[in-house]
Novice: 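Below: one structure in structure tokens.
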Amino acid sequence: MTLIAGSGLAQDNSTVVVAQAVDAYTMDPAKHSNFPTANILFQIYDGLIAEGENGELVPALAESWSNPDELTWRFKLREGVTFHNGEPFNAEAVKLSFERALDPEFKAPYFSRISHIKAVEVVDEYTVDFKTEEPFPTMLLSLYEASFPALIVPPAYAKENDGASIAAHPVGTGPYKFVEWLKDERVVLEANPDYWGGKPAIDKVVFRPIAETRTRIAELTSGGADIIVDVPPEDIAALDGGDTKVSTIASDSLYFLAFDTTRDTPLKDKRVRQAINYAVDVDAIQAALLNGMGTRIALTLPTNAFAYDQAWKPYPYDPEKAKQLLAEAGYPEGFEIPFMSRKGRYMKDSEIIEATAGFLARVGIKANIQYLEPGVWAQVSERKGREGITFPGWAGRDPQLVWAPLLITGQYQSYFSNPELDELLKAGASIIDPEERKANYAKAAEIIKEEAPHLPMIQPPLIYAIDAKLNWTPRSDGIIDLRKAHF
């Protein structure tokens, strides 16, 4: 039995309450770039392609796909599907959904995921062609639900009030319909009885933003939540028994530091960026704060991603080398730099940030930590305002999904520029042969390691605690999928 805080109403086992660290940023799937928002919207919307139980890509709103030629991806769409407001799902809906997100004026934060799509053409009512200027081997990853602008919106409704309607009151084809959004309190959804995939077993879903880890745990153990995110490793034993259980999966996510090289600060000098890589004992942080869980990464790419080479090695912990490089760069006494992040967005994020700042202080770098509220972080990001060092988080199983948005000159999430790397990353997006792609990214990796635009840290686990009676399986990409959840 779950109690929604503040409502005074006890809910029976037909309700699931999910406690996340932050609230939704918007209800428009193409207007954000964060997973807590995606977790809510994925219950309301569908993509053309979904992730299967073993991480494979499977049909969703698209029943099948083919390549009539190397620059065309043709999708046969599911028939008989309607949006929650009664609009029909068809090829026109797909065309509109992508064209709005591809419009430069729209400024989709996840634009890089779909930017290689140059045109969307309606073949017939239930067939649509995606056109690219060059072959695009990662197209399917660009169209599945974790590529947020790939969720399909109803065309007429999405245009209402210049998009403001859908940003406040979402309408999709998904298993749940939107009921209400009380900002910073809760989002309430109800089961869609006409869902094409079958009515879900859970009648009502509530998402609650609870920033503090201890408070989320208390809500779970007292019956105020059924799924909580980002359980600390040291709490696993206490929560894995009795009325609660723990579910853990290796994630596709990344903990890393990003350096702003676009402003006139010491970070423009690669020796300084290398020094930071030498200065931080990531292994010690992993052991102390994650109980050794997760995987150390050598570059900013998941170890299970395409083209990740297990032979890659991270910078070793060497504070003396760090001091030497800082002196060579003209900073023998160190310097001050902003260190920007959110607090409570990722498991142990503030502790990792503070430990990192401690290591930097030992070599003379005073990192002035600034924790931004999620909405402020989004606004700062939109105006390219992330300064100094940041702890941003990212995910993706291919360099095209990680390195391209984070490192290509001018991309929304990129604070770095290297023309040679740009060429390699742009070329990698259109190489079909897997071995040739790997060779291309191996060259890119050499530049990334040398230029050190990031400090790669850890591929963390995803750790959830849930009501012992609830059957639900987490996904490695971090999306909370409640389509098959049941008590």
Side-chain angles (χ1 to χ4, degrees), residues 112-113 115-116 134-138 141-142 250-262 267-280 282-283 286 294-318 321-322 325 389-411 413-460:
S112 63
R113 291 282 170 110
S115 61
H116 289 265
E134 296 178 302
F136 189 44
T138 58
L141 285 170
S142 292
S251 77
D252 299 332
S253 302
L254 302 168
Y255 285 179
F256 65 101
L257 303 186
F259 307 134
D260 171 27
T261 69
T262 65
L267 297 173
K268 288 183 74 71
D269 192 317
K270 77 175 180 182
R271 292 170 295 187
V272 171
R273 303 192 297 269
Q274 291 171 346
I276 293 173
N277 273 263
Y278 283 116
V280 180
V282 176
D283 292 329
Q286 183 177 7
T295 304
R296 179 80 163 95
I297 53 174
L299 290 175
T300 315
L301 194 67
T303 58
N304 57 322
F306 176 83
Y308 190 97
D309 189 339
Q310 298 298 330
W312 292 342
K313 301 297 180 186
Y315 283 79
Y317 175 55
D318 189 341
K321 178 69 172 178
L325 284 166
I389 302 169
T390 57
F391 184 86
W394 200 254
R397 297 180 218 159
D398 191 283
Q400 170 60 24
L401 304 181
V402 182
W403 291 348
L406 294 178
L407 295 172
I408 290 179
T409 304
Q411 286 291 329
Q413 301 283 0
S414 174
Y415 289 74
F416 180 70
S417 178
N418 180 286
E420 185 181 359
L421 181 62
D422 287 351
E423 290 303 312
L424 287 167
L425 296 183
K426 289 173 182 177
S430 60
I431 298 171
I432 297 297
D433 180 73
E435 292 307 314
E436 189 179 346
R437 281 193 88 218
K438 285 181 181 178
N440 178 81
Y441 287 127
K443 294 177 184 176
E446 291 177 5
I447 296 172
I448 295 169
K449 178 71 179 291
E450 172 67 18
E451 291 293 322
H454 299 151
L455 164 54
M457 299 182 82
I458 302 161
Q459 185 178 343

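Worth knowing before you read on, the calculation uses all heavy atoms, side chains too, and leaves out hydrogens, waters and symmetry mates.
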Novice: Test side-chain contact (heavy atoms from CB on, under 4.5 Å) on Phe259 and Ile389; report intermediate values, then the result.
Specialist: CA-CA 5 Å; Phe259 307 134; Ile389 302 169; 4.0 Å; yes

Novice: Taking Ser430 for the side chain and Phe136 for the main chain, is one N or O donor matched with an acceptor at less than 3.5 Å?
Specialist: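 No, the answer is negative, given that no donor and acceptor are paired below the 3.5 Å cut-off.
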
Novice: If you take all heavy atoms of Ala307 and Pro399, which pair is closest and at what distance?
Specialist: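 Residues Ala307 and Pro399, closest heavy atoms: CB-CG, 4.1 Å.
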
Novice: Rounded at 0.5 Å granularity, tell me how far CD1 in Ile408 sits from OG in Ser414.
Specialist: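 With rounding to 0.5 Å, CD1 (Ile408) is 8.0 Å from OG (Ser414).
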
Novice: Please give me the minimum heavy-atom distance between Thr300 and Val402, naming the atom from each residue.
Specialist: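 For Thr300 versus Val402, the nearest heavy atoms are O-CG1, 3.2 Å.
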
Novice: Between Met457 and Gln286, is there a side-chain heavy-atom distance shorter than 4.5 Å?
Specialist: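 Not touching, per the 4.5 Å side-chain cut-off.
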
Novice: Once side chain to side chain donor-acceptor pair (under 3.5 Å) is applied, do any residues pair with Ser417, and if so which ones, sequence neighbours excluded?
Specialist: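 Residues passing side chain to side chain donor-acceptor pair (under 3.5 Å) with Ser417: Thr409.
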
Novice: Apply the test side-chain contact (heavy atoms from CB on, under 4.5 Å) to residues Trp403 and Ile448: give CA-CA distance (whole Å), side-chain angles for both, the deciding distance (0.1 Å), then the verdict.
Specialist: CA-CA 9 Å; Trp403 291 348; Ile448 295 169; 3.5 Å; yes

Novice: Any chance you could lay out the side-chain contact (heavy atoms from CB on, under 4.5 Å) test for Leu257 and His454, step after step, and finish with the verdict?
Specialist: CA-CA 5 Å; Leu257 303 186; His454 299 151; over 6 Å; no

Novice: Given side chains that start at C-beta, do those of Phe256 and Pro392 come closer than 4.5 Å, heavy atoms only?
Specialist: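 Result yes, sub-4.5 Å side-chain heavy-atom pair found.
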
Novice: Quick check: does any side chain N or O of Ser142 sit under 3.5 Å from a backbone N or O of Arg113, one acting as donor and the other as acceptor?
Specialist: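 Side chain of Ser142 to backbone of Arg113: a pair is present.
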
Novice: Starting at OH of Tyr415, measure out to CG of Leu407 and round the result to the nearest 0.5 Å.
Specialist: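 One finds 13.0 Å between OH of Tyr415 and CG of Leu407.
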
Novice: State the CG-CH2 distance between Leu301 and Trp312, to the nearest 0.5 angstrom.
Specialist: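 Result: 5.5 Å between the selected atoms.
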
Novice: Ser251 side chain to Ser253 main-chain N or O, any donor-acceptor pair under 3.5 Å?
Specialist: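 Yes.
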
Novice: Using the side-chain contact (heavy atoms from CB on, under 4.5 Å) criterion, which residues pair with Ser112? Sequence neighbours excluded.
Specialist: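 Scan of Ser112 (side-chain contact (heavy atoms from CB on, under 4.5 Å), adjacent residues dropped) gives Pro405, Gln411.
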
Novice: If the condition is side-chain contact (heavy atoms from CB on, under 4.5 Å), which residues does Glu436 pass it with, not counting sequence neighbours?
Specialist: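 Result, side-chain contact (heavy atoms from CB on, under 4.5 Å) vs Glu436: Ile431, Asp433.
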
Novice: Only counting residues at least two apart or in another chain, list the ones meeting ring pair (Phe, Tyr, Trp, His ring centres under 6.0 Å) with Phe391.
Specialist: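 Ring pair (Phe, Tyr, Trp, His ring centres under 6.0 Å) list for Phe391, sorted by chain: Tyr255.
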
Novice: Tell me, please, which residues at least two apart from Lys321 pass side-chain contact (heavy atoms from CB on, under 4.5 Å).
Specialist: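 So Lys321 forms a side-chain contact (heavy atoms from CB on, under 4.5 Å) with Tyr278, Asp318, Gln324, Leu325.
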
Novice: When you measure from the side chain of Thr261 to the backbone N and O of Leu267, does any donor-acceptor pair fall under 3.5 Å?
Specialist: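 Absent.
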
Novice: Answer whether the closest heavy-atom distance between the side chains of Gln413 and Trp394 falls below 4.5 Å.
Specialist: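 The answer is yes; the side chains approach within 4.5 Å.
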
Novice: Quick one: ring pair (Phe, Tyr, Trp, His ring centres under 6.0 Å) partners of Phe416, sequence neighbours excluded?
Specialist: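 Partners of Phe416 under the ring pair (Phe, Tyr, Trp, His ring centres under 6.0 Å) test: none.
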
Novice: Just to verify, what does Lys270 make a side chain to side chain donor-acceptor pair (under 3.5 Å) with, not counting sequence neighbours?
Specialist: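 So Lys270 forms a side chain to side chain donor-acceptor pair (under 3.5 Å) with Glu450.
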
Novice: Would you give me the side-chain donor-acceptor pairs under 3.5 Å for residues 440-447, sequence neighbours excluded?
Specialist:
{"from": "Asn440", "atom 1": "ND2", "to": "Leu424", "atom 2": "O", "distance (Å)": "2.8"}
{"from": "Tyr441", "atom 1": "OH", "to": "Gly428", "atom 2": "O", "distance (Å)": "3.3"}
{"from": "Tyr441", "atom 1": "OH", "to": "Arg437", "atom 2": "NH2", "distance (Å)": "3.1"}

Novice: Mind checking side-chain contact (heavy atoms from CB on, under 4.5 Å) for Lys268 and listing every partner two or more places apart, or none if nothing turns up?
Specialist: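 Lys268: side-chain contact (heavy atoms from CB on, under 4.5 Å) contacts with Asp264.
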
Novice: Output the distance between atom CG (Asp398) and atom CG (Leu141), rounded to the nearest 0.5 Å.
Specialist: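 Between Asp398 CG and Leu141 CG, I get 6.5 Å after rounding to 0.5 Å.
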
Novice: Under a 4.5 Å cut-off applied to non-hydrogen side-chain atoms, are Ile297 and Pro302 in contact?
Specialist: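 Not in contact.
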
Novice: How would you list, by chain and number, every residue that makes a side chain to side chain donor-acceptor pair (under 3.5 Å) with Gln459, sequence neighbours excluded?
Specialist: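 Listed in chain order: Thr303, Asn304.
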
Novice: To the nearest 0.5 Å, what is the distance between CG (Leu299) and NZ (Lys313)?
Specialist: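 Answer for the CG-NZ pair, Leu299 versus Lys313, is 12.0 Å.
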
Novice: For the pair Thr390 and Asp260, evaluate side-chain contact (heavy atoms from CB on, under 4.5 Å) and give the outcome as yes or no after the intermediate values.
Specialist: CA-CA 8 Å; Thr390 57; Asp260 171 27; over 6 Å; no

Novice: State, to 0.1 Å, how close Gln400 and Leu425 come at their nearest heavy-atom pair, and which atoms those are.
Specialist: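 Closest approach of Gln400 to Leu425, heavy atoms only: OE1-O, 4.2 Å.
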
Novice: Using a 4.5 Å cut-off on heavy atoms from C-beta on, say whether the side chain of Asn277 contacts that of Pro456.
Specialist: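 Yes, close enough: below the 4.5 Å cut-off.
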
Novice: Mind checking side chain to side chain donor-acceptor pair (under 3.5 Å) for Glu451 and listing every partner two or more places apart, or none if nothing turns up?
Specialist: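 Once residues adjacent in sequence are excluded, the partners of Glu451 under the side chain to side chain donor-acceptor pair (under 3.5 Å) criterion are Arg273.
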
Novice: Phe306: what forms a ring pair (Phe, Tyr, Trp, His ring centres under 6.0 Å) with it, not counting sequence neighbours?
Specialist: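 Per chain and number, Phe306 pairs via ring pair (Phe, Tyr, Trp, His ring centres under 6.0 Å) with no residue.
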
